[in-house]
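Numbering of residues begins at 1 and proceeds along the displayed sequence. Because only heavy atoms are used, hydrogens play no part in the values below, and waters and symmetry mates are left out as well, while side chains stay in. One-based numbering, in listed order, for ligands and for the atoms of each.
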Amino acid sequence: MPKNKTLERFKKLKKEISRARENYFNKNKSDITDQEYDRLIDEYRNLLVADPSLSSTDELTNQVGAFPQSKFKKVKHRSPMYSLSNGFSNDDILVFLKQVKSFLDLPENEKIALVFEPKIDGLSLALTYQNGMLVQALTRGDGIVGEDVLNNARLIPDIPEKILYDFDILEVKGEVYLTNSKFRDLNAEQEKNGAKIFSNPRNVASGTIRQFKTNVQRNEKLSFFAYSVGQSTNEMPSTQFELLTELGRLGFKTNPLSKLFYDPIELFKYYEKIFSERALLDYDIDGIVYKINDFNFQKRLGFRSASPRWAIAHKFPSELSITKINDIEIQIGRTGALSPVAKLEPVNVGGVIVSSATLHNRDFIRGVDNKGNFIRSGADIRVGDWVTIYRAGDVIPKIENVDLLKRSKNSVPYVFPTICPSCGEKVSVDGSDSTVRCPAFNKCEAQIIAQLKHFVSKKALNIDGLGERIVEVFLKIGLVTEPADFFKLKNKLSNLSDIENILGKGWGKKSVDKLLSSIEARRVVKFDKFLFALGIRHIGETVSNILAKYYEDWEQFEIDVFEIIEKKSVSSSLSQIEGIGPLMVNSLVEYFKNEKAIIKVRNLLKQIEITNIKTKQNLSSAVTNIKLVFTGTFKNASRAEMKEIAEKNGAKVLTSLSGSVEVLVVGEGPGSKLKKASDLGIKIVSEEEFLSLVSVGNKDQV
Ligand code: IVH
């Protein structure tokens, strides 16, 4: 369909859906059948998938009581679907290899086998075979729970209905994709029929497999490459490369370009070759995945929160596009940072329409980095400039360079604000970095809005239906001024007479009830989510998780923070936890020193309860809740592995000795810590003793 026709159709659908919703949610009547409503929604979503630029005019997706939940059955994955960390240069990959070797305690010059696999730009699927028959096909979902799209998946020719050997259970993971030739044929056919033109093969593959009403012909066009095995009741090979061969024997397609390497130089040569020849492939790849070949190593390396330590994606350089800066806006973050954003003439970058890009900070605009070195050879950035844009890691658009030849003679350098554009407070520049900050943490409206939005956002309290716009409305009409107020909305909203007028179109009793029940569902939250939701500087998700794991109990955490504040020293356990640096400790101290912040937290704690995070620990272990420190080098495992073993068994690992430490685990060459521990009367345990204490089932106390 031509672009303007698509937009017309999109707008018409939006109107029809809004009207149907309005009738259903607020007037309790329905003038179309459920099937007709679902059809409208399907078409609306498909248009959005096919043409992402429409999302700028999409107001429906995030509305309360928005699209009905998908009709596919939601099922927990047998093993989580992880994502991959990214590297963008050979150096990034060498750093990855160095970290792997250091974790495994291997010499730096040791050759370690890596499997090279093209990273297919499709969508991942986890297939379960029971007694050799395909019984489930789950999309990735959030990595923990996916949707069972079995009926669609079984139509894909590369996905065998039956595998050659009998397994009680075999879980195979891989990537569904559409070949470029089939994509072109499909679009030619669409054009002939006057139907919509799809923007890329990935969106077609994803739309097809996730369409509830199966489109047989389209599913039959899809392809599948298998790349790993999750759960298996039969013995599997001991390396990734052999596993690929085994998957082939079982009846799966695996990528023929996969290859085993021992030498990074050879690996990079092959990367360059595949990169330069990728246009000849009949499917899109957006990088190469490198996996440590040996499963024993993989097992030892384990996972960070969302990605394995044993694999990395070597991404291809992003596409560049040229466009013009129409304006520079300043956004104020939840910690008061003034972030400049370039408003761009909309431009297509690698299939996505981009209309703004980050300008990072004041120095980036001036053309210097935070050490005072030139970037872009010192060229500054101005309103009206022509710039090259790329999407970093395919997410946030960034500016690569500025074209000085195209700069207008009348252009003037951008003047960075010296007062906060929101509250008028004089801004200040942070010591080492180039961040300009508004200091009015608890007064500046922009900061308060950003803090409230952060509090309810997906990664924090994840309150469904509390979109950014509605948070702003609540603040504007005085219903919410601090996080605790969200939990008092029940009474306040029931007193409002004309909800729709105040909150905006689409807000009726039903949508308000739905929102209130999402809020109620968050009266009990995990420690890490709660801490992260406070939006304290330097206290991101990972740090919140480390602190939650260490303390488990919020009260104890506060006691330690206040101990530092009162004693004005940093001798409490808090400053000795592995992974918690002085910057983070300072930031916590600064936050909890502030009377208003404390009141905010107290008010919140009157409304919600914090639960401990469940660690994957063996609770009956002999070191559970024991504070310990490692020193020296170990024979059986690296220091990082020892730490992981200890934490899995519930120990609290600290970096330095103090009165509160109970055990020192000593390897070879322990240094001064050994003497200090015996002076302090701390129990000293050898590597072997420690490992036997944590071996499964050992409940002897240290
Ligand atoms: S391995 C734990 N191998 O890339 C390892 N992933 O960001 C995770 N992908 O969601 C997956 N080709 O959809 C792996 N040969 C390959 C892959 C591949 C494509 C996708 C997959 C995953 C994403 C990871």
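Geometrically, R210 does not engage F72 in a cation-pi contact defined by less than 6.0 Å to the ring centre and at most 45° from the axis.
Of the heavy atoms in L84, both backbone and side-chain atoms come closer than 4.0 Å to ligand 1. Residue K291 touches ligand 1 through its side chain alone, judged by heavy-atom distances below 4.0 Å.
The shortest heavy-atom distance from A311 to ligand 1 is not under 4.0 Å.
Minimum heavy-atom separation, A113 to Y262: CB-CE2, 3.5 Å.
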Pairs of donor and acceptor atoms involving the side chains of residues 119-133, under 3.5 Å and at least two apart or interchain, shall be tabulated with distances.
from, atom 1, to, atom 2, distance (Å)
T128, OG1, R78, NE, 3.3
Y129, OH, P160, O, 2.6

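Between S83 and ligand 1, no N or O atom pair is found at a separation short of 3.5 Å. Among the atoms of I120, some N or O lies under 3.5 angstrom from an N or O of ligand 1.
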Walk me through whether E117 and K291 qualify under salt bridge (Lys or Arg N to Asp or Glu O under 4.0 Å).
CA-CA 8 Å; E117 292 174 24; K291 298 176 183 171; 2.9 Å; yes
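The closest heavy-atom contact to atom 11 (C) of ligand 1, among the options F303, Y290, Y227, comes from Y227. Nearest-heavy-atom check against atom 13 (O) of ligand 1 across K119, E175, R140 picks out E175.
In the model, Y390 has no side-chain atom that pairs as donor or acceptor with a side-chain atom of N401 under 3.5 Å.
Atom 10 (O) of ligand 1 has as its closest protein heavy atom S124 OG, 3.6 Å.
Residue P308 approaches ligand 1 through these ligand atoms, each under 4.0 Å from one of its heavy atoms: 2 (C). With ligand atoms numbered from 1 in the order given, ligand 1 contributes 12 (N), 15 (N) to contacts under 4.0 Å with heavy atoms of P118. In summary, the atoms of ligand 1 found under 4.0 Å from a heavy atom of Y82, numbered by their order in the structure, are 2 (C), 8 (C). Close contacts of ligand 1 with E117, meaning ligand atoms under 4.0 Å from a residue heavy atom, involve 3 (N), 15 (N), 16 (C).
A ring-centre distance under 6.0 Å is not found for F198 and F183.
Here the side chain of D148 pairs no donor or acceptor atom with the backbone of Q136 at under 3.5 angstrom.
Inter-residue side-chain proximity for K173 and S79 is flagged as met; some heavy-atom pair is nearer than 4.5 Å.
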